[in-house]
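Below: one structure, written as structure tokens.
Reminder, nothing fancy here: chain letters follow the sequence lines and each chain counts from 1.
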2 protein chains.
Amino acid sequence: MPRRRKGRKRVDIVKMENESNLQVTFSKHRAGLFKKASELCTLCGAEIAIVVFSPGKANKVYSFSHPSVELLVDRFLGRDLPPPNNEGRHNHLLMNH
Amino acid sequence: MPRRRKGRKRVDIVKMENESNLQVTFSKHRAGLFKKASELCTLCGAEIAIVVFSPGKANKVYSFSHPSVELLVDRFLGRDLPPPNNEGRHNHLLMNH
DNA sequence: GATCCTATTATTAGCTA
DNA sequence: TTAGCTAATAATAGGAT
């Protein structure tokens, strides 16, 4: 029952060495990422698809999308028919990691 | 040149009515989202693909991915060959908006 | 092991340039 | 436009439950 809480600590953005913390850190960050995505959809009316594979042995897959991953990615990859608004579709601004 | 800055203000997560602010808000939030995704990749070794279509007339597309949108989404949609680690691949945990 | 707590850091809304 | 500033809010690391 100690009252002294430690509070948040700064963390460098480098690969965590497989600690037991990694899974909980992954879950918390994933939740935060999906929340941000949801806010961007609601606030601005953006359309977003996210697919995440968890690290390590579990290797589970999680997704967030509005409207759907398949629709948005097919549109992104140019597999779709020309949409009503056909502008700006051929200058994909890639920001790959 | 007034010194008194106003600082951040709380904002409700509801659809912004097409203000001139919407585009700048979208850009800032998108940058934040991609930064979070990058951190999740680096920190936890997760694999992430994001596709975002901007709202309104511009309707530009932006993406972040590691390793690639196509690879991850094909895996997500079950279009891939069975991966070395074949566990957890058929219980997709959907969290669609 | 998912959720709560909270001190602390991280992000950002509105402004300015 | 795009970028920088900073007060203020939002997110979260480590611990507790």
Side-chain angles (χ1 to χ4, degrees), chain A residues 1-46 48 50 52-64 66 87-88 91-95 97, chain B residues 1-46 48 50 52-64 66 87-88 91-95 97:
Chain A
M1 57 273 284
R3 296 284 125 282
R4 286 302 94 211
R5 306 306 181 85
K6 300 286 298 304
R8 179 177 191 171
K9 285 179 184 169
R10 192 184 181 293
V11 59
D12 290 334
I13 303 301
V14 295
K15 181 75 167 66
M16 298 177 71
E17 281 320 319
N18 295 345
E19 315 176 18
S20 53
N21 285 349
L22 194 146
Q23 284 297 332
V24 63
T25 296
F26 169 76
S27 291
K28 286 182 171 184
H29 275 247
R30 174 174 46 77
L33 184 73
F34 283 9
K35 184 177 186 216
K36 293 279 189 185
S38 174
E39 293 180 356
L40 185 52
C41 284
T42 303
L43 209 52
C44 300
I48 307 183
I50 305 182
V52 178
F53 285 89
S54 70
K57 199 169 182 310
N59 197 226
K60 288 183 182 173
V61 61
Y62 303 85
S63 76
F64 169 93
H66 174 76
E87 304 176 81
N91 55 334
H92 290 176
L93 304 177
L94 298 178
M95 301 182 69
H97 190 223
Chain B
M1 50 277 291
R3 306 298 141 300
R4 286 303 92 206
R5 308 306 182 84
K6 300 287 297 305
R8 180 178 189 168
K9 284 177 185 168
R10 192 184 181 294
V11 61
D12 292 334
I13 304 301
V14 295
K15 181 75 166 68
M16 298 177 70
E17 281 320 319
N18 295 346
E19 314 176 19
S20 53
N21 285 349
L22 195 146
Q23 284 299 331
V24 63
T25 296
F26 168 76
S27 291
K28 286 183 172 183
H29 275 248
R30 174 174 45 77
L33 184 73
F34 284 8
K35 183 176 186 219
K36 293 279 189 189
S38 173
E39 293 180 357
L40 185 52
C41 286
T42 302
L43 211 52
C44 301
I48 308 183
I50 305 181
V52 178
F53 285 88
S54 71
K57 198 169 183 308
N59 198 225
K60 288 182 183 174
V61 61
Y62 302 85
S63 76
F64 169 93
H66 175 76
E87 303 175 81
N91 55 334
H92 289 177
L93 305 176
L94 297 178
M95 302 182 69
H97 191 224

Mind calculating the distance between CG (B/L33) and P (C/dT12) to the nearest angstrom? 9 Å
Got a list of protein N/O to nucleotides 2-5 of chain C N/O distances below 3.5 Å?
none

Whole angstrom is fine here: how far is it from CG in A/L22 over to C1' in C/dG1? 15 Å
Between B/H29 and C/dT11, is there a contact of a side-chain N or O with OP1 or OP2 at under 4.0 Å? no
First locate atom OG of B/S27, then atom NZ of B/K60, and finally report the distance between them rounded to the nearest 0.5 Å. 8.5 Å
Just so I know, are the side chains of B/M16 and A/L43 near enough to count as touching, which here means a heavy-atom distance under 4.5 Å? yes
Side chains of B/S38 and B/K35: closer than 4.5 Å at any heavy-atom pair? no
Are A/K36 and C/dT12 close enough that a side-chain N or O sits under 4.0 Å from OP1 or OP2? yes
Which heavy atom of B/H66 sits nearest to which heavy atom of B/C41, and what is that distance? CB-SG, 3.9 Å
Of the candidates D/dG15, D/dA11, C/dT12, the side chain of A/E39 sits closest to D/dA11
In whole Å, what is the span from the CZ atom of A/R8 to the P atom of C/dT8? 12 Å
Proximal nucleotide (of C/dA10, C/dG14, D/dA13) relative to the A/R10 side chain: C/dA10
Where the side chain of B/S54 meets the backbone of B/N59, is there a donor-acceptor pair that is under 3.5 Å apart? yes
Can you see which heavy atom on A/P55 is nearest to which on B/A46, and at what distance? CB-N, 4.3 Å
What would the secondary structure line of DNA chain D be in dot-bracket form, counting Watson-Crick and G-U wobble pairs under 3.5 Å, with [ ] for pairs that cross earlier ones and | for pairs with another strand? .||||||||||||||||
Given atom CZ of B/F26 and atom C1' of C/dT11, what is their separation to the nearest angstrom? 18 Å
Taking C-beta and beyond as the side chain, do A/R30 and B/I48 meet within less than 4.5 Å on heavy atoms? no
Between B/V11 and B/Q23, which has a closest nucleotide on DNA chain D that is more 5'? B/Q23
Go through C/dT11, C/dG14, C/dA7 for me and flag the one nearest to the B/K9 side chain. C/dG14
Starting at CG of B/L40 and ending at C1' of C/dA10, how long is that distance when rounded to a whole Å? 16 Å
May I have the distance from A/K6 (atom NZ) to C/dT9 (atom C1'), rounded to whole angstrom? 15 Å
Nearest-angstrom distance from the residue atom CD1 of A/I13 to C1' of D/dA13: 12 Å
Please lay out, stage by stage, how B/F26 and B/V52 fare under the test side-chain contact (heavy atoms from CB on, under 4.5 Å). CA-CA 10 Å; B/F26 168 76; B/V52 178; 3.8 Å; yes
Rounded to whole Å, the CZ-P distance (B/F34 to C/dA10) equals 22 Å
The side chain of B/T25 is closest to which nucleotide in this list: D/dA11, C/dA13, D/dG14? C/dA13
Do B/L33 and B/H29 make a side-chain contact, defined as non-hydrogen atoms from C-beta onward lying under 4.5 Å apart? no
